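Everything numeric in this text was worked out from a predicted model, so none of it was measured. Each residue takes its place number in the sequence, starting with 1.
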Amino acid sequence: MFGAMENTTATIYGDFMLTDKRTAIERAYVAVNAHELTHQWFGDYITEYSAHHHWLHESFATYYSKQFMHSVMGEDYYQWAKRQEAWQALNADRNDRYPVAHSMGGSARHYPKGSHVLDMLRYVVGDSVFRRSITGYLKKHAYANVSSNDFMQAFMEHAGVNLDWFFDEWVYRAGFPEYEVRYERQNDNVVFYVNQTQATDNLTGYFKMPLVFEVYFKDGSSSAKRVWLSHAGDTVYVSAPAGKEVEYTLFDPGANVLKVVDFKKSFEELSAQVLKAKNMIDRYDALVGLGYYDADKKRDLLLKVYDKETFNQMRVSVIGQLAKDRDSVTITLLKRAATDKDHLVRRAVIDDLSEYPEQLLPVLEKLLADSSYVNIENVLRKLCRQYPDKRQTYLDAVKSIKGVNNNVRIAWLEINCKENTDNPQLAVWRKELAGYTSNRYEFRTRNKAAEAIERLKYCDEDVIKNLFNACLSANGRLANPSSRVLKALLKNPANYDTAKAIYNLNVWKDWQRVILEAQFK
């Protein structure tokens, strides 16, 4: 129900992974395929002792899938994948404080955080030691069970590297470092002051990690230093010969370490960093920092960034920051972005603009024929809402499109049911929409249809029967959303009575009765 399963010698996919060229834009199977193939080694060739060591399966599969995608999609994609992993990991640690090596660690730690930990491990020990130790670990434990300690011992056995401290910080305990960074010029040095500000206790201490400091000067030269930080406060001196003027500085260039950073920079420093930093993720962080400034101050700079950058998320961020700006130069940029070759850049125009100005209407209307089905649905909904006089034209433009998981068709039905209540086809539309909640369709279609029905506050016997069926599904990604929708519908007394009658007319097994009776509470 999530993607696929790594049975030994064979991968089984969910039916929703079977895509054509067009639907693959939204859900390509390639990364999932690499993930499951990795499991033939990490999970099948060697297998965890218990759920406490589940990360030895999923973190490795996530990590090597990411490395494969790195090889085919490039460095910018890889850096962005690590940033997404970091966000998921940081959010998980804010919700609870389980370690990676814990049965209750959850998906965010067993998959993305553990994958990021493996990246950091490789960063700490180097490629050669990492590869040699991984190979030895696999060969030693072939067709056997392993623990996290077995993995740690592999580095001692095959490279003579003691990683007790690393596993203690990142695998067996919780949290992440929060760095507060500032710098000043002192004679022939730039002096960085770094404080670790995270709350410390028996689960989270001060992190020991090697971090790189870089100083870039206006004459084009630079200085760098790699330093092990491990205290509440550290001071780092980076060479800066007299007469060289600092243009911008970087703390952990490339974002190798999982962390939160508070490093305040001036508009001039951010401008230089967003245009000149080598790593996309460092330019992205500068771009995020520019988000605090008004459009008038940064407009010309952001236009340069958009023209210079090829990675979609950089362009997406530019669009997001200028979405409320109605300067003619920005309007011209938004027109270009709406025809960008990348579907996520086009989607940013569709989604980030709260209101569609008339100057953009012609180019946005063309997105009703976009290659991305998600883009079609999103622009259809917003165009119909903002330009009701042209609603029928928009609906006619997409009436024959099903979409990915029937998303466009469901949106078409929902809009018609809501806005054309006096149409003689209303009953036909409602029946079709209710049909999409049935077990004739995979769970993603059923969920989308149920959400549309909830928004419409529509309910009939077919809807209730289909939601009963969905609530009884072993697929929690169907059962849980369906239960929420059903309970919302049953707040209406008429719907409640109808559902009770249907329930009482059927014979249920004990386990089914427990689930369905809970829907009426």
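- When ring centroids are compared, Trp170 and Phe207 come within the 6.0 Å threshold.
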Could you walk me through whether Tyr284 and Phe311 satisfy the ring-ring contact (aromatic ring centres under 6.0 Å, His included) test, starting with their C-alpha distance in whole Å, then the side-chain angles of each, then the deciding distance to 0.1 Å, before giving a yes or no? CA-CA 10 Å; Tyr284 176 81; Phe311 187 61; 8.8 Å; no
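- Taking the side chain as every heavy atom from C-beta outward, Leu270 and Tyr248 never approach each other to under 4.5 Å.
- A salt bridge is defined here as a Lys NZ or Arg NE, NH1 or NH2 lying under 4.0 Å from an Asp or Glu carboxylate O, and Lys276 with Glu247 meets this definition.
- A 4.5 Å side-chain heavy-atom check between Arg122 and Tyr63 finds at least one atom pair inside the cut-off.
- A cation-pi arrangement is present between Arg22 and Tyr373 under the rule of less than 6.0 angstrom and at most 45 degrees off the ring axis.
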Dump the intermediate steps for salt bridge (Lys or Arg N to Asp or Glu O under 4.0 Å) on Arg173 and Glu169, then the final yes or no. CA-CA 6 Å; Arg173 294 212 282 174; Glu169 286 180 353; over 6 Å; no
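- When atom types are taken as modelled, the side chain of Thr47 and the backbone of Asn145 share no donor-acceptor pair closer than 3.5 angstrom.
- Between Tyr193 and Tyr183, the gap from one ring centroid to the other reaches at least 6.0 Å.
- Counting heavy atoms from C-beta outward, Val32 and Tyr13 have side chains that approach closer than 4.5 Å.
- Other residues, nucleotides and ligands contribute only 12 or fewer heavy atoms inside 6.0 Å of the CG atom of Asp294.
- Counting all heavy atoms, side chain and backbone alike, His110 lies closest to Val100 at CD2-O, 3.4 Å.
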Between Asp340 and Arg347, does the salt bridge (Lys or Arg N to Asp or Glu O under 4.0 Å) criterion hold? Intermediate values first, please. CA-CA 10 Å; Asp340 194 278; Arg347 186 173 302 167; over 6 Å; no
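- With respect to Lys264 and Asp262, a salt bridge is recorded, a charged nitrogen being found less than 4.0 Å from a carboxylate O.
- Tyr293 does not carry Lys298 over the face of its six-membered ring by the limits of under 6.0 Å from the centre and within 45° of the normal.
- One side chain, Ser372 or Glu26, offers a donor N or O that lies under 3.5 Å from an acceptor on the other.
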Salt bridge (Lys or Arg N to Asp or Glu O under 4.0 Å) between Lys218 and Glu245, intermediate numbers included: CA-CA 6 Å; Lys218 290 187 176 180; Glu245 191 174 352; 3.0 Å; yes
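- Under a 4.0 Å N-O distance rule, the pair Lys225/Glu214 does not qualify as a salt bridge.
- Between the side chain of Asn407 and the main chain of Gly403, no donor-acceptor pair closer than 3.5 Å is present.
- Checking side-chain atoms of Asp150 against main-chain N and O of Ser147 turns up a donor-acceptor pair under 3.5 Å.
- Salt-bridge annotation for Asp370 and Arg346: present, with a side-chain N of the basic residue lying under 4.0 Å from a carboxylate O of the acidic one.
- A cation-pi arrangement is found for Arg226 relative to Tyr123, the charged atom lying closer than 6.0 Å to the ring centre and inside a 45° cone about the ring normal.
- The backbone N or O of His231 sits less than 3.5 Å from a side-chain atom of Asp234, completing a donor-acceptor pair.
- With Gln321 as reference, Leu302 is the one residue of Thr330, Leu302, Val288 to meet the side-chain contact (heavy atoms from CB on, under 4.5 Å) rule.
- Here the side chains of Gln196 and Glu178 are not in contact, with every heavy-atom distance at 4.5 Å or above.
- Between Lys382 and Asp351 there is no salt bridge, since no side-chain nitrogen of the basic residue lies less than 4.0 Å from a carboxylate oxygen of the acidic one.
- Looking at Asp201 and Arg97, a side-chain N of the basic residue comes within less than 4.0 Å of a carboxylate O on the acidic one, giving a salt bridge.
- For His57 (side chain) and Glu48 (main-chain N/O), a donor-acceptor pair under 3.5 Å exists by modelled atom type.
- A heavy-atom distance below 4.5 Å is found between the side chains of Val374 and Asn378.
- Ionic pairing of Asp188 and Lys244 is not present here: no N-O contact between side-chain nitrogen and carboxylate oxygen is shorter than 4.0 angstrom.
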Could you give me the CA-CA distance, side-chain angles and deciding distance for Phe251 and Phe213, then say whether ring-ring contact (aromatic ring centres under 6.0 Å, His included) is met? CA-CA 5 Å; Phe251 172 65; Phe213 296 78; 5.3 Å; yes
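- Of the listed residues (Phe166, Phe42, Tyr137), just one forms a ring pair (Phe, Tyr, Trp, His ring centres under 6.0 Å) with Phe151, and that residue is Tyr137.
- Under the 4.5 Å side-chain criterion, counting only non-hydrogen atoms from C-beta, Thr62 is in contact with His35.
- Between Asp252 and Asp282, the shortest heavy-atom distance links the atoms O-OD1, 4.3 Å.
- Salt-bridge formation is detected for the pair Lys448/Glu377: a Lys NZ or Arg NE/NH1/NH2 atom is positioned less than 4.0 Å from an Asp or Glu carboxylate oxygen.
- Summarising the local packing, CD of Gln186 is surrounded by more than 12 heavy atoms from other residues, nucleotides or ligands at distances under 6.0 Å.
- With a 4.5 Å cut-off on side-chain heavy atoms, Tyr111 and Glu85 do not count as touching.
- In this structure, His102 has its ring center closer than 6.0 angstrom to the ring center of Tyr98.
- Two residues are said to be in side-chain contact when any heavy atoms from C-beta on lie closer than 4.5 Å; Leu361 and Leu383 meet this criterion.
- By the 6.0 Å and 45° rule, Lys265 stacks over the aromatic ring of Phe263.
- Taking the ring centre of Tyr78 as origin, the terminal cationic atom of Lys66 falls outside the region bounded by 6.0 Å and 45° from the ring axis.
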Apply ring-ring contact (aromatic ring centres under 6.0 Å, His included) to the pair Phe443 and Phe16, showing each step before the final yes or no. CA-CA 9 Å; Phe443 76 91; Phe16 51 85; 5.4 Å; yes
